[in-house]
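Single-structure report; data block below.
A, B, ... follow the sequence lines: proteins, then strands. Residue 1 opens every chain.
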Amino acid sequence: MSFNCRFAPSPTGPLHIGGVRTALFNWLLARKNNGKFFLRIEDTDKERSKEDFKLQIINSLKWLNIDYDGNEYIQSKNISKHVAAAEELVKKGFAYKCYCSEDEINEQKEKCKKQGIPYVYNRKWRDPKDLKIPKDLKPVIRFKSKISGNTIIKDLVQGERNISNSTIEDFIILRKDMTPTYQLSATVDDHEMKITHVIRGDDHMINSFKQKQIYEAMKWSVPNFAHIPLIHSEKGKKLSKRDNASTINDYIKIGIIPEALRNYLLRLGWSYKDKEIFSLKESIDLFNFEGIGKSPSKLDMSRILSMNETYIKSMNEKDLFKKLIEFSQEFKTKIDESKENIVFKALNFLKNKAKTLEDIYNNSLYIISDNLKISNDDKSLIDKKSQEIISNFITDYEKLSDLNKENLEQIIKNLINKHKTNFKGVGQPLRIGLIGTKFGPGIYDIILSLNKTTVINRLKKIV
RNA sequence: GGUCCCAUCGUCUAUCGGUUAGGACACAUGGUUUUCAUCCAUGAAAGAGGGGUUCGAUUCCCCUUGGGACCGCCA
């Protein structure tokens, strides 16, 4: 059995994380079933579709390593086929021209609103025998939706869904300017592309009932449908482009890595036993319709961060370093090549204090940046005694021929004894002097990661 | 308002009639540590309510409540 699916976003805004998850689910299933995964750009809304958004969508998928088969399929290039299908539906008696003006429709809507009854198009032109065709109006084409009976969809996620046909109005498939609407275009394209599985957000459920009628009217085989529950914002509503941290870029710019986001998204609305961490291969092997839940799930930033932390800690340091360099280049000041080696070596302790690439970057600023800024609060912690300790340290440190942790430990131990203090009494002023803040990596890690002259110069500045 | 849907810790979820209702994140406490972290240990934390069905319901059915989606010549 073949398995063809697609992700079909409209380029009318940046792709948000809900769309990304829909794409991921489609892609996973296609790869698991040795099927095809296509990307279709639904750009039939000429007013709002933008090339930039199309590129953003493509780049978002690329960033997540979701690859699609063939080139992206541009829906607007196929409009003539959509129109032809509409004409065929009219010819076969499954669709008709409607000459209601927009004013007339709006009037009806108003009327319904006043009476408190739901508006449904009154099917005025479905049977036009007593009507005069107005000369000055261009018609729309409406689909002759079934009036009686029920339509059933055996949804792969939601189970059997049943709706009374009377609740579906005669929806428009061709606008008065002869351009196709979503219902028509999507159906024709899915048929043309031989899509076997339509996997999309639950907000499309009603559309599937409409589209199923088009398939049947055209005598096309109806694909399988799977409506996955939506992702809600922290406020519990459907995610919208206005919600902050909802586009991929919002995550890239704080240093979330794609593997972590993929794993997070995978587990949002889907589960496999108690398993939390899935390699790419495991995701493909294990992902299935059965594990997809029915209720919407909320976005949880702390979990994304935690997942990212897990991946940062476990990932190959060379790969991590590469990502860090790219991150610095794109969102910060690029790490200077002369510092790259030092940062790379420091990665083994830096990564343990980080949830994001941004955290690593910030924690490595003491290496990257040549002039440290010390806050007044921290400066005030360096008193006379501390300065004396640091001076002593400099002297001992300068004499050191062999730099290693044991030697440093010895120096600091001696200083603690000599000045009758504790580790903090020595470590804190050193840390402030070397990295500009009292929080940071272990003091030995700091000292050993910097070269000798840097250590001495920085410390001399505060004594 | 109409149609459809959903309902287990704060969050993501496990359980497919019999469990001390499990895990993860977050949270709290304690320990390790050299600060912040990490790490380790421990803890608190859930079946919305009411009816059935059944020897037995979180699980099956109904109602209520709560939440959501859709109701465009947008997609």
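- With sequence neighbours excluded, the residues that form a side-chain hydrogen bond (donor to acceptor under 3.5 Å, both in side chains) with A/Thr356 are A/Asp359.
- Of the candidate nucleotides B/U11, B/G68, B/A69, B/U11 has the atom lying nearest to any side-chain atom of A/Lys298.
- A side chain to side chain contact (heavy atoms under 4.5 Å, CB included) with A/Tyr182 is found for exactly one of A/Asn207, A/Ile172, A/Thr187, namely A/Asn207.
- A/Cys100 comes within 4.0 angstrom of a base, heavy atoms only.
- Of all nucleotides present, none satisfies the Watson-Crick or G-U wobble test against B/A21 with each distance under 3.5 Å.
- Rounded to an integer number of Å, the gap from CZ of A/Phe7 to C1' of B/A75 is 12 Å.
- Note: CZ (A/Arg161) to C1' (B/C4) measures 8 Å, nearest angstrom.
- Backbone-only contact: A/Ile163 has heavy atoms under 4.0 Å from sugar-phosphate atoms and none from a base.
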Sugar-phosphate atoms are those with a prime plus P, OP1 and OP2; base atoms are the rest. Using that split, label each nucleotide of nucleotides 23-33 of chain B B, S or - for protein heavy atoms under 4.0 Å, 5' to 3'. BBSS-------
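- Distance from the side chain of A/Lys237 is smallest for B/G68 among the nucleotides B/C73, B/G68, B/A69.
- Counting any heavy atom pair closer than 4.0 Å across all strands shown, A/His232 reaches sugar-phosphate atoms only and no base atom.
- When distances are taken from the side chain of A/Glu102 to each of B/G72, B/A75, B/C73, the shortest belongs to B/C73.
- Annotation: ring pair (Phe, Tyr, Trp, His ring centres under 6.0 Å) contacts involving residues 145-169 of chain A, sequence neighbours excluded, are absent.
- Scanning for side-chain hydrogen bond (donor to acceptor under 3.5 Å, both in side chains) contacts around A/Glu87 gives an empty result, with sequence neighbours left out.
- If you take atom P in B/U15 and the same atom in B/C9, they sit 16 Å apart, rounded to whole Å.
- Residues satisfying the side-chain hydrogen bond (donor to acceptor under 3.5 Å, both in side chains) criterion with A/Asn106, sequence neighbours excluded, are absent altogether.
- Of the candidate nucleotides B/C73, B/U35, B/A75, B/A75 has the atom nearest to the side chain of A/Gln75.
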With salt bridge (charged side-chain N to carboxylate O under 4.0 Å, His left out) as the test, would you mind laying out the steps for A/Glu309 and A/Lys313 before giving the verdict? CA-CA 6 Å; A/Glu309 187 180 6; A/Lys313 287 207 175 92; 2.9 Å; yes
A/Lys54 and A/Glu51: salt bridge (charged side-chain N to carboxylate O under 4.0 Å, His left out), yes or no, with the steps? CA-CA 5 Å; A/Lys54 186 185 102 181; A/Glu51 184 71 11; 3.4 Å; yes
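- A gap of 10 Å separates the C1' atoms of B/G10 and B/A46, to the nearest Å.
- Among the protein residues, A/Gly269 comes within range of the sugar-phosphate backbone only, with heavy atoms under 4.0 Å from sugar or phosphate atoms but none that close to a base.
- Cation-pi contact between A/Arg6 and A/Tyr73: absent, since separation from the ring centre below 6.0 Å together with deviation from the ring axis within 45° is not met.
- One atom, CG of A/Asn162, and another, P of B/C5, lie 8 Å apart when rounded to the nearest Å.
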Could you go through the side-chain contact (heavy atoms from CB on, under 4.5 Å) check for A/Leu408 and A/Leu400 one step at a time? CA-CA 9 Å; A/Leu408 287 173; A/Leu400 229 49; 4.2 Å; yes
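- Taking atom P in both B/U58 and B/C4, the straight-line distance is 29 Å, to the nearest Å.
- Computed from coordinates, the A/Asp203 CG to B/G67 P distance equals 20 Å when rounded to whole Å.
- Of the residues in residues 176-191 of chain A, A/Lys176, A/Thr181, A/Tyr182, A/Gln183 come within less than 4.0 Å of RNA chain B through at least one heavy atom, sorted by number.
- Backbone-only engagement by A/Lys313 is indicated by non-hydrogen atom pairs under 4.0 Å involving sugar-phosphate atoms exclusively.
- In summary, A/Asp243 and A/Lys237 do not engage in a salt bridge, as defined by a charged side-chain N under 4.0 Å from a carboxylate O.
- Between the side chains of A/Ser208 and A/Arg200, at least one donor-acceptor pair of N or O atoms lies under 3.5 Å.
- Here side chain to side chain donor-acceptor pair (under 3.5 Å) pairs that include residues 284-294 of chain A, with residues two or more places apart or in two chains, are A/Trp270-A/Asn288, A/Lys281-A/Asp285, A/Asn288-A/Glu290.
- Spacing of C1' atoms, B/G22 relative to B/G47, comes out at 13 Å, to the nearest Å.
- Side-chain contact of A/Asn78 with A/Glu192: a donor-acceptor pair under 3.5 Å is absent, judged by distance alone.
- Listed by chain and residue number, nothing satisfies the ring pair (Phe, Tyr, Trp, His ring centres under 6.0 Å) test with A/Tyr366 (two or more places apart in sequence, or in another chain).
- With sequence neighbours excluded, no residue forms a side-chain hydrogen bond (donor to acceptor under 3.5 Å, both in side chains) with A/Lys424.
- Look at A/Lys294 and you'll find a side-chain N or O under 4.0 angstrom from OP1 or OP2 of B/C6.
- As rounded to the nearest Å, B/C6 and B/G52 have C1' atoms that lie 22 Å from one another.
- Separating the CD1 atom of A/Ile435 from the C1' atom of B/A37 is a distance of 12 Å, rounded to the nearest angstrom.
- The gap from the C1' atom of B/U32 to that of B/A37 amounts to 13 Å, rounded to the nearest Å.
- Rounded to whole Å, the distance from CZ on A/Phe423 to C1' on B/U35 is 9 Å.
- Distance noted for atom P between B/G23 and B/A41: 12 Å (whole Å).
- Partner assigned to B/U65 is B/A7, using Watson-Crick or G-U wobble distances below 3.5 angstrom.
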Which atom pairs, one a donor and one an acceptor, fall under 3.5 Å between side chains of residues 431-439 of chain A and the rest of the protein, sequence neighbours left out?
| residue | atom | partner | partner atom | Å |
| --- | --- | --- | --- | --- |
| A/Arg431 | NE | A/Pro441 | O | 3.3 |
| A/Arg431 | NH2 | A/Pro441 | O | 3.4 |
| A/Thr437 | OG1 | A/Phe439 | N | 3.0 |

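- Within residues 38-50 of chain A, the residues having any heavy atom under 4.0 Å from RNA chain B are, by residue number, A/Glu42, A/Thr44, A/Asp45, A/Arg48.
- In the region residues 436-447 of chain A, proximity to RNA chain B at under 4.0 angstrom, judged on heavy atoms, holds for A/Lys438, A/Phe439, A/Gly440, A/Pro441, A/Gly442, A/Ile443, A/Tyr444.
- Base pairing annotation: B/G72 forms no Watson-Crick or G-U wobble pair, as no partner gives both donor-acceptor distances under 3.5 Å.
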